[in-house]
Amino acid sequence: MRNIIGQAVSGNDFFERPQIVRKIRRSIRAGNWIYLSAPRRVGKTSIMNHLQENPEDNQQFVYAITQSIDSVDGFYKELAKQVIDSPAFRTMSKVSDTLKKVAGGLLQRINLKVSVPFLEISLDKGEPINFQTDFEKLLEEIDLNGDRLIIMVDEFTETVDNILHKHGNQEARRFLQLFRELTHNRKLTGKVQFLLTGSIGLQPLVKKLDASDLVNQLQYIDIPALTVDEACQLFRQLIKQEGIDIDDETILFIIQKIDWLMPFHVQLLVQEVIDVFESSGNPIDQAKANKAYEQVFHQRNKIYFEQYYERLKKRLEPGAEYQFVHDILNRSTADEPLEKAVVHDLAVKHEITDRYKAIVESLEYDGYLHQTADNTAYRFNSSILKTWWKKYVC
Ligand SMILES: Nc1ncnc2c1ncn2[C@@H]1O[C@H](COP(=O)(O)OP(=O)(O)OP(=O)(O)O)[C@@H](O)[C@H]1O
Ligand SMILES: [Mg+2]
């Protein structure tokens, strides 16, 4: 297993997460349309890669990423492109005339340089195309000999957010409405399913749009952090080739310092343990492990954390909202948890009492904060994110 920092993994580089993978598979078998919910960098894309590479019987997967798409038309155009370009589609044996017509029309307009054996591109431009209706027709006509097509859409929520920012509230609602209609199309039952994800919370976003009812047909599955045991195993697997001498107790010690066990943070730690090992040799004891932990916050790793911050900056309105979030996160770096009463006072100070709860909720969805067990205060999720915030943003 290679230590691939930053990129989604596939194949042998994927650290098995049987519990969550089984849960998703069970839900797919039950015919659900699923939303995989998890903050940034938790491993959503890697899990999608794994599902695609290891399909169960009678399942075929298509992957699309719609992060930069900001229109209804653009969204369905991209999905049409990915479906037509998929092995599932190109190897179909039963192809109706209607399918040939619809897919031929789509292919002509999506600039896809592929040859599909049963499609001839007609030069007749015909009616101006509506990607959404034609894509739906395409799905209705697909016949995979009893197999199901599972269309995975990565960064779906970003698309909703992009449409909201570019075209406004009404268009974002229309996008969700059209998608809802697709989920209710009976001709797709047992044949097509969607598995969506996104690194910004869908729930706070739809609440803002007053559109929670438009996504209540989806089954939500949370991707949890790794358990301590899993994180230790991942650590071992990542250092396997390096000849590093480190005992289980030291691994546990350093893993527990992370406290929000995302594969990404384990990878960063491993990178620095290898660095310390290269400069000071074996064995890696607690002092050297500590040094490795401190090195995670080195300037050279700044790029990895800036991705979180960029996302935050992009989504907050400049001015009061932005200042409020800064205040909250700054104060959360203290040892004591941040009391909810203090959060409320900050909302009053920044004059955003009408919407501060949704903002704090989105910080929870984004993986910055969680509520303490008694629900009276907030804490940083991750000691790594907290230290980084303190060092570079505060
Ligand atoms: N199961 C896994 N095995 C090994 N590495 C993983 C695993 N899951 C995630 N990672 C690592 O964590 C990081 C983030 O993974 P990935 O891109 O899949 O997450 P994501 O949730 O899709 O992130 P983003 O929100 O930025 O799109 C990468 O460095 C990846 O290598
Ligand atoms: Mg991803």
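Whatever order the structure lists ligands and atoms in, that order sets their numbers, starting from 1.
Looking at K44, E16, E158, E155, it is K44 that brings a heavy atom closest to atom 25 (O) of ligand 1. Here the shortest heavy-atom distance to atom 12 (O) of ligand 1, taken over F14, Y304, F264, belongs to F264.
Remark: E272 engages R300 in a salt bridge, criterion side-chain N to carboxylate O under 4.0 Å. Using a 4.0 Å cut-off between a side-chain N of Lys or Arg and a carboxylate O of Asp or Glu, E136 and K187 do not qualify as a salt bridge. Between E294 and K291 there is no salt bridge, since no side-chain nitrogen of the basic residue lies less than 4.0 Å from a carboxylate oxygen of the acidic one. Between R355 and E321, at least one side-chain nitrogen of the basic residue sits less than 4.0 Å from a carboxylate oxygen of the acidic one, meeting the salt-bridge criterion. A salt bridge links R29 with E56; the closest basic N to acidic carboxylate O contact falls under 4.0 Å.
Close approach of ligand 1 to V9 is summarised as follows: ligand atoms under 4.0 Å from at least one heavy atom of the residue are 2 (C), 3 (N), 4 (C), 5 (N), 6 (C), 7 (C), 31 (O). Within the listing of ligand 1, atoms 6 (C), 7 (C), 8 (N), 9 (C), 10 (N) sit less than 4.0 angstrom from a heavy atom of P263. Atoms of ligand 1 lying under 4.0 Å from at least one heavy atom of I5, given by number and element, are 29 (O). Less than 4.0 angstrom separates some heavy atom of S199 from each of these atoms of ligand 1: 25 (O). Residue A8 has at least one heavy-atom neighbour below 4.0 Å for each of these atoms of ligand 1: 17 (O), 18 (O).
Aromatic rings of W389 and Y309 (six-membered ring for Trp) have centroids within the 6.0 Å cut-off, being under it. For H344 and Y356, the gap between ring centers is short of 6.0 Å. Ring centroid separation for the pair Y378 and Y368 does not come in under the 6.0 Å cut-off.
The aromatic rings of W388 and F305 lie parallel to each other, their planes meeting at an angle below 30°, with 60° marking the opposite boundary. Classification of the Y35-F156 ring pair by plane angle, with boundaries at 30° and 60°, yields perpendicular. Taking the six-membered ring where the residue is Trp, H326 and Y322 present tilted rings, their angle falling between 30° and 60°.
Counting protein heavy atoms only, atom 5 (N) of ligand 1 is closest to Q267 NE2, 3.4 Å. The single protein non-hydrogen atom nearest to atom 2 (C) of ligand 1 is F15 N, 3.6 Å, given as residue, atom name and distance. Of all protein heavy atoms, the one lying nearest to atom 26 (O) of ligand 1 is R40 NH2, 2.4 Å. Annotation: atom 18 (O) of ligand 1 to nearest protein heavy atom, S46 OG, 2.6 Å. Among protein heavy atoms, atom 23 (O) of ligand 1 sits closest to R41 N, 3.1 Å.
Legend: residues meeting side-chain contact (heavy atoms from CB on, under 4.5 Å) with D97, ordered by chain and number and at least two apart, are K100.
The backbone N or O of Q67 sits less than 3.5 Å from a side-chain atom of N162, completing a donor-acceptor pair.
With a cut-off of 2.8 Å, the protein N/O/S atoms near the Mg ion (ligand 2) add up to 1.
Under 4.0 angstrom from ligand 1, the non-hydrogen atoms of D13 all belong to its backbone. At a 4.0 Å heavy-atom cut-off, ligand 1 touches Q7 through the backbone alone. At a heavy-atom distance under 4.0 Å, no atom of I47 approaches ligand 1.
Each of T45, T159, D154 was scored for a side chain to side chain contact (heavy atoms under 4.5 Å, CB included) with I65, with one residue passing: D154.
At least one N or O atom of G43 sits closer than 3.5 Å to an N or O atom of ligand 1.
G6 counts as a contact of ligand 1, since one of its heavy atoms falls under 4.0 Å from the ligand.
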